[in-house]
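Shown next, in structure tokens, is the structure this report addresses.
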Protein chains: 2
Amino acid sequence: MSQEMMRGHLDGLVLAVLIGGPAHGYGLIEALRDRSGGFFDLPEGSVYPALHRLERSGLVASGWSEVGGRRRRVYTLTASGRRAAEQRQSEWRSFSAAVERVFANPGSGQGGTAGAVTS
Amino acid sequence: MSQEMMRGHLDGLVLAVLIGGPAHGYGLIEALRDRSGGFFDLPEGSVYPALHRLERSGLVASGWSEVGGRRRRVYTLTASGRRAAEQRQSEWRSFSAAVERVFANPGSGQGGTAGAVTS
DNA sequence: GTCTACGCCTAGGCTTTCTAGGTATGAGCC
DNA sequence: GGCTCATACCTAGAAAGCCTAGGCGTAGAC
């Protein structure tokens, strides 16, 4: 449903969730599903690589934990990760506003740009 | 600035512009730049392949025109293209709303999901 | 004669996401 | 004991989309 649209936004969404506190991969998937009202139901194969990517970039740090006999890798925002999260959100607002302007604009057309179509 | 975020949204934006009337590639780039307040300044290498893609999908139809000694390929929305344009916009609204929900939600955290970090 | 704006095009590479698998624990059920 | 489900991690490879970096050509200004 929204697979194609995720491009370039996953990292920002993950960082946004981590602003609320540390989380592990599986829980992050649930958090995104819950927060989005079920709209984002991301496969593990998307989220785990994204987390590894963010860790390589220094935006999150991870540590192992054990809960109920199951090991978890818990991710926490770093200082630069927090800055990145805020920047991503402001970029999103700009992007979203720009898209809305394009959608809203009802033509803006001079009407004469097309010329005569010959075939 | 917004290169990564375009993924999956370009087609919808192009279709949105074409709702206002036929346009050619070069003019479409200008229209997107103008309508978005300069935010979308797309390279030709993005827009022309997108138009060809849309034409292959049957969402737009093209015809050649000549204006001032310069040839233009003018693109027009087909019937299914118009439907697709509207659908894209409604999908955008859903997507945008879901992103906003994720950004707005201030934790929603139980706080106890992380467990004790051991290393 | 050169430069800029207009106007079209494509090949190749990069990045990101998804598909489709794999491993392992704990709990509930028969 | 076996089965299944939810939890929890991981990766290789394919698929797709956009950008970079070029190419071609006309018209008009300087």
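Here is how names work: the chains are called A, B, and so on, in the same order as the sequence lines, proteins then strands, and each is numbered from 1.
Going from atom CZ of Arg72(B) over to atom P of dC9(C) covers 13 Å, rounded to whole Å. One interatomic measurement links the two molecules: CZ of Arg88(B) to C1' of dG17(D), which rounds to 12 Å at whole-angstrom precision. In this structure, CG of Leu10(B) is placed 19 Å from P of dT15(C), rounded to the nearest angstrom. Distance, Glu55(B) CD to dC9(C) C1': 14 Å, rounded to whole Å. Going from atom CD1 of Ile29(B) over to atom P of dG7(C) covers 11 Å, rounded to whole Å. Straight-line distance from the CG atom of Leu54(A) to the P atom of dT15(C): 15 Å, rounded to whole Å. Atom NE2 in His9(B) sits roughly 14 Å away from atom C1' in dA16(D) (whole-Å rounding). Note: CZ (Arg73(B)) to P (dT26(D)) measures 19 Å, nearest angstrom.
Closest to the Trp64(B) side chain, of the nucleotides dT17(C), dC8(C), dC10(D), is dC8(C). For Tyr48(B), counting side-chain heavy atoms from C-beta on, the closest listed nucleotide (dG7(C), dC10(D), dC18(D)) is dG7(C). Residue Tyr26(A) places its side chain closer to dA6(D) than to any other of dA6(D), dG17(D), dC9(C). When the nucleotides dT17(C), dC10(D), dA16(D) are ranked by their closest atom to the side chain of Met6(A), dT17(C) comes out on top.
Looking at residues two or more places apart in sequence or on another chain, you find a side chain to side chain donor-acceptor pair (under 3.5 Å) between Glu55(B) and Ser62(B), Arg73(B). In this structure Ser80(B) satisfies the side chain to side chain donor-acceptor pair (under 3.5 Å) test together with Thr78(B), sequence neighbours excluded. Taking Gln87(A) as the reference, Glu91(A) meet the side-chain contact (heavy atoms from CB on, under 4.5 Å) condition, with sequence neighbours excluded. Remark: Arg71(A) pairs with no residue by the side chain to side chain donor-acceptor pair (under 3.5 Å) rule, at least two apart or across chains. Asp41(A) meets the side chain to side chain donor-acceptor pair (under 3.5 Å) test with Arg33(A); sequence neighbours excluded.
Of the possible donor and acceptor atoms, one in the side chain of Ser57(A) sits under 3.5 Å from a partner among the backbone N and O of Arg53(A).
Nearest-nucleotide mapping onto DNA chain C: of Glu44(B) and Asp11(A), the residue sitting toward the 5' end is Glu44(B).
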Between N or O atoms, less than 3.5 Å apart, protein on one side and nucleotides 26-29 of chain C on the other: list the pairs.
residue	atom	partner	partner atom	Å
dG26(C)	O4'	Arg70(A)	NH2	3.3

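Between His52(A) and dT11(D), a side-chain N or O to OP1/OP2 separation shorter than 4.0 Å is present. Remark: Arg53(A) is not in phosphate contact with dT15(C), judged by side-chain N or O atoms under 4.0 Å from OP1 or OP2. Neither OP1 nor OP2 of dT7(D) sits under 4.0 Å from any side-chain N or O of His24(A).
Within 4.0 Å (heavy atoms only), Gly27(B) reaches no atom of the nucleic acid at all. Using a 4.0 Å heavy-atom criterion, one finds that Gly45(B) contacts the bases of the nucleic acid, with or without backbone contacts as well.
Counting distance only, with no hydrogens placed and no angle test, the side-chain atoms of Arg7(B) and the base atoms of dG17(D) include a donor-acceptor pair under 3.5 Å.
When all heavy atoms of Leu13(B) and Phe103(A) are compared, the pair lying nearest together is CD2-CE2, 4.2 Å.
A 4.5 Å side-chain heavy-atom check between Leu59(A) and Asp11(A) finds every atom pair outside the cut-off.
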